[in-house]
Student: 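Have a look at the structure that comes next, please.
Side-chain atoms are counted along with the backbone in the values below, which use heavy atoms only and exclude waters and symmetry mates. What you see is a predicted model; the values in this text were computed from it and never measured.
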Amino acid sequence: MTADVTLLPDEALALAKTALMRVGMVEAAATALARATMDAEAAGKGAVGFAHLTDYLHALVDGRIDGRAEPLITSPVPAILKCDVMGGVAQYGFDIASEELVTKARALGVSIFTAHNSYTTGELGWYAARLATEGLVAIAATNGPALLAGAGATQPVYSTNPLAFAAPLADGRFVLMDQSSSATAFVKVREAAARGEPIPGDWALDQDGRPTTDPFAAMQGALLAFGGARGANIALMVEILAAGLTGANWSLDAPDFQAGDASPGAGLFVLALSPQLLADDFTARLEAQVERLSRDYGVHVPGLGRLSRQQAAESAGIVLPRQLFDSISSFRRN
């Protein structure tokens, strides 16, 4: 058995950044994407961490990402920042706009960031978590190529269309929910196919619209929404926020993120709220409520351990499967 590779945080960042720059991404964009990748991996979100980085690298080589794109950010009114990613990556646009987004939210009580013309946006919770560390409540939504069947449909019409929410606590931690509208993320179906393992029968349909446990058949068919029609309704809500309000491609019109030379043209919608302007003691009240829920009622509150997991991972090192490490490293030698 080939041993895994353990990297110090700086080494993991350098691995990602160097590989991205080697295949044509400008340094500022590569830095933003490498940091988002590192954050996801350290938080235990490997499917949208270094494993997903290979999608970005292949997309740069094939032309689905313009590595030299410089995001164009405009502000039609004080509370809104609109970003045309110009065929690049949303992480870079958000990195550029985040300081102004936070400043506007604190001054106005609310601010909105939208992006379009982007490759897939990676870990959606990353955007919301960054705002929560600044003391803001955040909601984020994104779309991409069609993978998910709508209510009553057997063909994909939406992407997995995740929705993320984050809220800060007084002690520096935050609540963070980041979940797709599908019963599972597409990357998990792809991982099952790579391992040759079946998937649960309520995850997907095959090309003929029948439930399947075959991940290969699922990738040729459609993912299912969680909770049936209710999950599909959330997917439609996300589609309206992430594509309708941003001017991005509807999922039905988005090119494949894994093939071809065209960007998916995905959209991203981020809402930032200043809780202090709504309730002076919000963070303290929320912290007390979270403690009561978890201590007295056994409720699992998502996101509370994210910072500690990241700190632990960065202390112990980032562990990558040898095959994944070698795959990313190969781009550094191109």
Student: Give a yes or no answer on whether the side chain of Ser251 reaches the backbone of Ser159 with a donor-acceptor pair at less than 3.5 Å.
Tutor: yes
Student: So, the side chain of Arg173 versus the backbone of Leu307: is there a donor-acceptor pair under 3.5 Å, distance only?
Tutor: no
Student: Does Arg309 CZ have over 12 foreign heavy atoms under 6.0 Å away?
Tutor: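 It does: Arg309 CZ has more than 12 such atoms within range.
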Student: Give me the atom names and distance for the closest heavy-atom approach of Leu81 to Ser75.
Tutor: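 What the structure gives for the nearest pair is CD2-CB, 4.0 Å.
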Student: Strictly distance-based, threshold 3.5 Å: is any side-chain N or O of Thr160 a donor or acceptor partner for the main-chain N or O of Pro162?
Tutor: no
Student: Pair Ile139, Leu163 - check side chain to side chain contact (heavy atoms under 4.5 Å, CB included), show working.
Tutor: CA-CA 7 Å; Ile139 297 173; Leu163 188 68; 4.1 Å; yes
Student: What residue pairs, at least two apart or across chains, pass side-chain hydrogen bond (donor to acceptor under 3.5 Å, both in side chains) with a residue in residues 266-284?
Tutor: Ser274-Gln276
Student: For Thr54 and Ser327, what are the C-alpha separation, side-chain angles and deciding distance, and is it a side chain to side chain donor-acceptor pair (under 3.5 Å)?
Tutor: CA-CA 8 Å; Thr54 59; Ser327 176; 5.6 Å; no
Student: Please report the shortest heavy-atom distance between Ile73 and Gly93, naming the atom on each side.
Tutor: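 What the structure gives for the nearest pair is CD1-O, 3.8 Å.
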Student: Mark yes or no for whether Asn143, through its side chain, and Asn249, through its backbone, hold a donor-acceptor pair below 3.5 Å.
Tutor: yes
Student: Return the orientation label for the Tyr119 and His52 ring planes: parallel under 30°, perpendicular over 60°, tilted otherwise.
Tutor: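 Ring orientation, 0 to 90° scale: parallel.
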Student: Tell me whether the count of non-hydrogen atoms from other residues, nucleotides or ligands lying under 6.0 Å of CG in Asp10 goes above 12.
Tutor: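 No, because the 6.0 Å sphere around CG of Asp10 holds 12 heavy atoms or fewer from other groups.
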Student: Report yes if some heavy atom in the side chain of Val102 is under 4.5 Å from a heavy atom in the side chain of Leu131; otherwise report no.
Tutor: yes
Student: Would you say Met219 and Leu148 are hydrophobically clustered, going by side-chain heavy atoms of ILVMFWY under 4.5 Å?
Tutor: yes
Student: Between Gln91 (side chain only) and Thr121 (backbone N and O only), is there a donor and an acceptor less than 3.5 Å apart?
Tutor: yes
Student: Checking the side chain of Tyr56 only, and the main-chain atoms of Thr120 only, is there a donor and an acceptor separated by less than 3.5 Å?
Tutor: yes
Student: How about CD on Glu11, more than 12 heavy atoms from neighbouring residues, nucleotides or ligands closer than 6.0 Å, or not?
Tutor: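 Count over threshold, so yes.
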Student: With distance as the sole test, does Thr142 use its side chain to make a donor-acceptor pair with the main-chain N or O of Gly267 at under 3.5 Å?
Tutor: yes
Student: Can you establish whether the number of heavy atoms outside Glu99 located under 6.0 Å from its atom CD is more than 12?
Tutor: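 No, not enclosed.
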Student: For a quick test of reading the model, state the closest non-hydrogen atom pair linking Ala32 to Tyr92 and the distance between them.
Tutor: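 Closest approach of Ala32 to Tyr92: CB-CA, 3.9 Å.
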Student: Does this structure show an ion pair linking Arg210 with Asp206, if we count only N-O contacts that are shorter than 4.0 Å?
Tutor: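 Yes, Arg210 and Asp206 are salt-bridged.
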Student: Run through Arg306, Arg130, Lys45, Arg35 and flag the one making a salt bridge (Lys or Arg N to Asp or Glu O under 4.0 Å) with Glu123.
Tutor: Arg306
